[in-house]
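One structure is given here, and the rest of the page talks about it.
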Amino acid sequence: MGIKSNVIRLDAVEKVTGAAKYTEDLIPANALVGKTLHSTIANGEVVAIDIEEALKVPGVVDIVTCFDVPNHKYATCGHPFSLDPSHADVKNKTILTSRVRYYGDEIAAVVAEDHLAAQKALEKIKVEYKVFEPVLTPEAAVESGNDLHSLSPRNELARMDFQITPDGKVDFYKGEFSTDPHIGGHKDLKGTKFYVPPQQHCHIENICCFAYISDRKIVIVTPNQATHTLRRNVAEAVGLPIGNIRIVKPYMGGGFGNKQDTYYEPLAAFLTMRLGGRCISFTMSREETFVNSRTRHAMDLWSAVSVNDKGRITKKGLRINSYSGAYGSNGHAITAYAVTNYFQLYPALEKQVGESATVYTTMPSAAAMRGYGIPQVDFAMECQMDDIAMEHGWDPVEFRRKNMMEKGFLDPFDRFHCASNGLEECLDKGCEMIDWKERRKAYDEFNKKSAGIKKGVGMALFAYKTGVYPIQLETASCRILLNEDGSVQVQVSATELGQGSDTVFAQMVSEVTTIPEDKVFVIGKQDTDTSPHDAGAYASRQTYVSGSAVKQTAEILRQKILNRAALLYNEDEEKLNLTYEHVVAADGTVLGSIADVALKIQYINDIKIDSEHITAESTYTMRNNAFSFGASFVDLEVDVSIGKIKINRVVAVHDSGTILNPQLASAQVHGGVAMGLGYALSEQMLFDGKTGKMLNDNLLDYKIPTSMDIPPIEVAFIETYEPTGPFGNKALGEPPLIPQAPAVRNAVLHATGVGINSLPLTSDHLIRAFSKAGLIE
Amino acid sequence: MIKVIHMKVNGKQVELGVDDRECLTDTLRNRLGLTSVKKGCEAGECGACTVLIDGKATNSCIYLSMWAEGREIVTVEGIKGENENLHPVQQAFVDEAAIQCGFCTPGLILTAVEIVGSGKKYTRDELRKLISGHLCRCTGYENILNAVEKVAGL
């Protein structure tokens with residue numbers, strides 16, 4: 001088998017039989033139940049908390065308030081540790097807080113024998129607040145005169161402002177917060193405004209964890225995407241060395257970046273220390289997961305693009321004001337990713353100016369979510385590309401062809417070259433599959449005659465980096481243990497969260513060692529005590545970075561097997577090879593199986609040859625990056641009078657380099673497209689302007705797509721070969737989401753002539769836009 | 001108050017003391033260890049806790065355990081065939097890569113078992129509607145529909 005084959009997921013059978021155990025399934029029956037008290041104001045201070053009545057509730061074991069927890073500031077985000085203090089993540093979180101920064105902030109915690117007792121106790125806690133106004137936009141936050149974090153005057157967490165010279169040099173400068181359409185004050189860069197709302201990950205498994213003390217360690221079981229980083233965050237929060245913390249990650253019910261962050265693990269660790277090591281569990285409700293975990297950043301974007309008469313982009317300017325929420329887990333990283341991406345997919349010939357701010361707001365904290373800032377900027381960028389094409393009467397596809405990144409492009413920020421680029425082929429394939437020219441023409445004709453129903457075809461492109469080098473280090477480790485029967489255990493800490501990475505790692509090991517996947521046991525349960533270090537599951541990095549570690553380690557194992565075989569069979573190592581799990585000599589003689597070598601070398605009782613458990617372990621440092629590319633083509637119709645969009649087809653074409661498992665790769669695309677369509681059509685977190693309370697914190701009112709909402713999704717891969725990837729591969733996990741929203745919007749533009757510059761494209765939103773444009777009365 | 005209920009769970013008669021306020025999800029998970037019954041919302045929105053009650057796919061999180069008196073409950077732990085072979089629906093989910101994180105999978109499989117149990121065959125659009133009570137955030141439903149279509153499609 002090996003790579004480029006449809007190997008069935010290693011965990012498929014466990015998942016269809018119910019044998020797969022997730023965190024909540026593993027909570028011991030006698031565990032105590034922890035619940036947090038959430039603030040009922042969005043901005044202010046806890047002046048006093050009265051827990052007297054709550055403590056009397058039968059079954060209550062302990063109550064801690066914001067005045068009882070250590071004042072250790074810690075970061076929550078899943079970024080790897082930075083040796084450079086100026087690059088370190090923002091440490092602004094304490095286990096509980098008296099300074100309330102959003103509606104629902106955690107101000108106290110109850111530990112009880114059961115859920116009901118915990119809930120009753122919460123209801124009896126009395127809180128006295130000093131109340132400030134909620135601030136729900138960057139503009140309001142900057143002007144509020146009330147700083148959420150003392151180190152961030154005017155609530156500006158960070159900025160990144162720059163101008164790129166025509167020869168590709170980036171000059172950074174310190175700009176000012178602004179909502180003026182002129183980017184950086186340049187008169188020739190007047191931007192159009194776009195808005196994208198906060199989106200929630202909505203993995204079906206809610207946020208949860210439990211903690212206890214065993215073997216002198218605090219053990220925390222949690223569905224976390226970046227276990228080694230979590231270990232560090234917890235250690236800092238409770239003030240213990242990292243060796244005293246052990247993180248265990250069982251099966252995970254989806255993550256999409258949300259489970260990269262640190263949630264109640266520090267609180268659970270703190271409480272188990274207080275309660276003599278007893279097991280404490282925290283399981284967020286769906287409502288809590290909405291408010292108390294993380295969101296995609298909402299952003300205000302102003303984009304300005306000038307073109308010459310040849311259809312080439314000459315000047316570009318972008319400003320992003322990003323809503324970071326209360327704690328802004330990932331700092332400015334996501335907004336910086338977004339603002340730089342704008343100058344990567346379509347570089348301009350002459351002038352390029354970018355300004356960006358990340359601003360604290362009294363909302364749930366924004367952090368990583370599938371696409372890491374790029375869905376936001378891609379929306380603004382790709383909408384505007386269509387608007388310009390329309391204005392000039394150009395074909396949107398041909399306009400893009402003239403301006404999009406080419407192979408060899410040097411990224412001005414990260415200073416790496418684009419070494420594989422299938423954008424042209426993605427466009428060709430997508431146009432062919434959707435029948436671009438004919439369909440556009442036919443719908444133009446149809447729309448001339450039809451007032452009620454309008455039809456459109458739209459498209460959008462994206463470019464997305466693989467992993468985070470050189471902004472952060474890219475490190476991954478792997479350990480492979482050979483068993484006496486020729487099977488192996490593979491250990492990684494690149495977490496499986498549903499995307500299929502464990503299966504693909506098994507394929508990689510099989511590819512190198514010839515050991516078939518049914519004998520390759522990837523240990524899917526990560527444990528920081530035994531699993532080798534990895535930065536975690538994010539940035540679509542696993543097959544690229546962790547995959548490089550797996551390949552390198554498998555090669556070491558392979559060489560060890562050949563070396564020991566040479567000793568055992570008295571042959572020249574250089575002339576031996578592995579074929580179908582057997583060691584063969586240069587003349588084709590089969591000397592023995594891998595199992596024979598493993599067994600003999602383990603149990604050899606010989607005066608010359610030492611016994612050995614053949615194992616391999618290595619760490620891979622990735623010093624490269626690679627752009628993945630792709631396009632989405634959407635065919636839809638709009639019922640103008642009721643503002644209803646019906647999507648007929650989505651064609652998703654991707655250049656992710658070599659496709660390692662086509663069936664699982666297509667499945668990734670399906671999921672990303674669906675999440676992207678949710679972003680386009682229905683998903684938005686809504687907040688009450690007066691109180692700052694989230695209005696739709698449940699799956700009934702927050703609309704993620706159901707099976708009725710998703711059209712047939714057609715997937716095609718353009719397989720380039722990425723020379724820096726372990727097998728020619730590059731990012732795939734996040735990208736499919738990115739171009740969906742602008743492709744839908746551009747199809748609506750084609751259908752109706754109305755370009756809508758904010759998401760989601762709900763009926764009420766469309767009706768307002770169509771009324772304004774005079775399409776309906 | 002604790003009340004005693006009798007029901008058949010995965011083919012086995014059980015007698016249990018349950019809190020009369022308890023939902024069937026908690027009874028199955030906490031008292032019988034049937035953890036395939038997942039909790040995603042506890043409000044009947046996501047479908048992850050679906051079990052078959054007298055053959056009908058039902059959100060067990062909004063079903064009081066008391067109501068299960070005398071009824072027959074099936075979870076995915078109980079649908080394997082003879083010789084421990086996978087049920088055709090389970091096999092179709094495996095073959096069609098209809099699984100990613102796996103959290104919505106047990107519930108969807110049981111709805112598919114109900115669909116297959118009807119003995120009828122359905123168009124893809126009909127199947128879309130029939131499984132629409134289940135939220136899945138990973139798959140875009142495409143491969144789930146492929147799997148269900150394989151066992152119950154026209």
Side-chain angles (χ1 to χ4, degrees), chain A residues 6 8-9 11-22 24-26 29 116 201-206 251-256 283 285-287 496-500 661 663-664 666-675 677-678 698-700 704-710 712-713 715 736, chain B residues 19 21 26 29-30 33-48 75-80 84 86-87 89-91 93-107 109 124-125 127-145:
Chain A
N6 289 331
I8 297 281
R9 287 185 71 101
D11 54 13
V13 171
E14 290 222 326
K15 284 177 174 174
V16 296
T17 57
K21 297 286 182 194
Y22 298 72
E24 200 174 348
D25 306 337
L26 296 166
L116 212 50
H201 311 67
C202 295
H203 33 69
I204 307 299
E205 178 193 39
N206 285 310
Y251 276 110
M252 197 188 308
F256 314 111
T283 52
S285 63
R286 175 57 60 185
E287 290 77 4
E496 170 67 69
L497 53 142
Q499 81 284 44
N661 184 321
Q663 193 186 30
L664 294 185
S666 296
Q668 274 299 294
V669 176
H670 300 152
V673 168
M675 203 181 261
L677 293 180
N698 59 73
L699 293 170
L700 189 65
I704 70 169
T706 71
S707 52
M708 301 282 285
D709 303 312
I710 301 298
I713 302 165
V715 182
Chain B
D19 190 312
R21 299 162 298 183
D26 285 340
R29 288 179 59 85
N30 302 338
L34 297 170
T35 55
S36 73
V37 186
K38 296 288 182 242
K39 296 165 93 163
C41 69
E42 297 182 80
E45 291 156 2
C46 77
T75 71
V76 287
E77 286 92 341
I79 61 167
K80 273 191 187 175
E84 290 295 291
L86 294 181
H87 185 282
V89 173
Q90 290 174 313
Q91 191 62 52
F93 270 64
V94 170
D95 294 341
E96 293 298 321
I99 309 144
Q100 287 190 36
C101 84
F103 212 75
C104 70
T105 307
I109 286 177
R124 197 169 172 97
D125 276 347
L127 291 172
R128 269 187 197 283
K129 197 168 182 185
L130 286 168
I131 66 162
S132 64
H134 293 269
L135 295 177
C136 168
R137 195 57 154 166
C138 298
T139 65
Y141 307 100
E142 189 76 16
N143 288 359
I144 292 172
L145 283 163

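What you see is a predicted model, and the numbers here were worked out from it, not measured in a lab. Atom set for the values below is all heavy atoms of this structure, side chains included, hydrogens, waters and symmetry mates excluded. Just so it is clear: chains get the letters A, B, ... in the order the sequence lines come, proteins before strands, and each one is counted from 1.
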Task: Interatomic distance, B:Cys136 atom SG to A:Ile204 atom CD1 [nearest 0.5 angstrom] - done: 7.0 Å
TODO: With a 4.5 angstrom heavy-atom cut-off, could you sort out which part of A:Leu497 is near chain B: side chain, backbone, both or neither?
DONE: backbone
Task: Interchain contact, B:Lys129 with chain A, by part (heavy-atom threshold 4.5 Å) - done: both
Task: Greatest number of heavy atom pairs closer than 4.5 Å to chain A - which of B:Gly44, B:Gly40, B:Ser36, B:Gly33 - done: B:Gly40
TODO: For B:Glu45 and A:Leu699, indicate whether the former's side chain and the latter's backbone hold a donor-acceptor pair under 3.5 Å.
DONE: yes
Task: Closest non-hydrogen atom pair between A:Ala667 and B:Ala97, with its separation - done: CB-O, 4.4 Å
Task: chain A contact via B:Thr105 - which portion, at a heavy-atom distance below 4.5 Å - done: side chain
Task: Polar side-chain atom of B:Arg137 near backbone of A:His203 as donor-acceptor pair, under 3.5 Å - done: no
TODO: Against chain B, label A:Asp709 side chain, backbone, both or neither, depending on which of its atoms sit under 4.5 Å from a heavy atom there.
DONE: neither
Task: Largest heavy-atom contact set with chain B, pairs under 4.5 Å, which of A:Ile704, A:Asn206, A:Asp11 - done: A:Ile704
Open item on the list: Closer than 3.5 angstrom, by distance alone: can the side chain of A:Arg9 be matched with the main-chain N or O of B:Val94 as a donor-acceptor pair?
Closed with: no
- [ ] Name the region of A:Ala29, side chain, backbone, both or neither, that has any atom closer than 4.5 Å to a heavy atom of chain B.
- [x] neither
TODO: Could you tell me which portion of A:Met675 (side chain, backbone, both or neither) has an atom closer than 4.5 angstrom to a non-hydrogen atom of chain B?
DONE: both
- [ ] Using non-hydrogen atoms and a 4.5 Å limit, figure out which bit of B:Gln91 sits close to chain A: side chain, backbone, both or neither.
- [x] neither
Task: Distance, nearest 0.5 Å, that separates CD1 of B:Ile144 from CD1 of A:Ile710 - done: 11.0 Å
Task: Side-chain (A:Lys15) to main-chain (B:Gln100) donor-acceptor, under 3.5 angstrom - done: yes
Task: Portion of A:Tyr251 that has a non-hydrogen atom of chain B nearer than 4.5 angstrom - done: neither
- [ ] Return the option, out of B:Pro106, B:Gly102, B:Cys104, B:Cys46, with the maximum number of heavy-atom pairs under 4.5 Å with chain A.
- [x] B:Gly102
Open item on the list: Would the distance check show the side chain of A:Gln663 and the main-chain N or O of B:Asp95 forming a donor-acceptor pair, the cut-off being under 3.5 Å?
Closed with: yes
Task: Distance (rounded to the nearest 0.5 Å) between B:Leu127 CG and A:Ser707 OG - done: 9.5 Å
Open item on the list: Does any part of the side chain of A:Asp25, heavy atoms only, come nearer than 4.5 Å to the side chain of B:Arg29, both counted from C-beta?
Closed with: yes
TODO: Taking B:Tyr141 for its side chain and A:Ala674 for its backbone only, find out whether a donor-acceptor pair lies under 3.5 Å.
DONE: no
TODO: Answer yes or no: is there a side-chain heavy-atom contact under 4.5 Å between B:Gln90 and A:Val13?
DONE: no
- [ ] Using a 4.5 Å cut-off on heavy atoms from C-beta on, say whether the side chain of B:Arg21 contacts that of A:Leu116.
- [x] yes
- [ ] Tell me, out of B:Cys138, B:Ala48, B:Ala43, B:Ala98, who's got the most heavy-atom pairs with chain A below 4.5 Å.
- [x] B:Cys138
Open item on the list: With heavy-atom distances below 4.5 Å as the criterion, would you say the side chains of A:Thr17 and B:Leu86 are in contact?
Closed with: yes
Open item on the list: Quick one about B:Thr35 and A:Lys21 (side-chain donor to acceptor, distance below 3.5 Å, no hydrogens or angles considered), yes or no?
Closed with: yes
Open item on the list: Please classify the contact between A:Glu14 and chain B as side chain, backbone, both or neither, with a heavy-atom cut-off of under 4.5 Å.
Closed with: neither
TODO: Please look at B:Ile99 and chain A and tell me whether the side chain, the backbone, both or neither of the residue comes under 4.5 angstrom of a heavy atom of that chain.
DONE: both
Task: Per-residue contact mode, B:Glu77 against chain A (heavy atom under 4.5 angstrom) - done: both
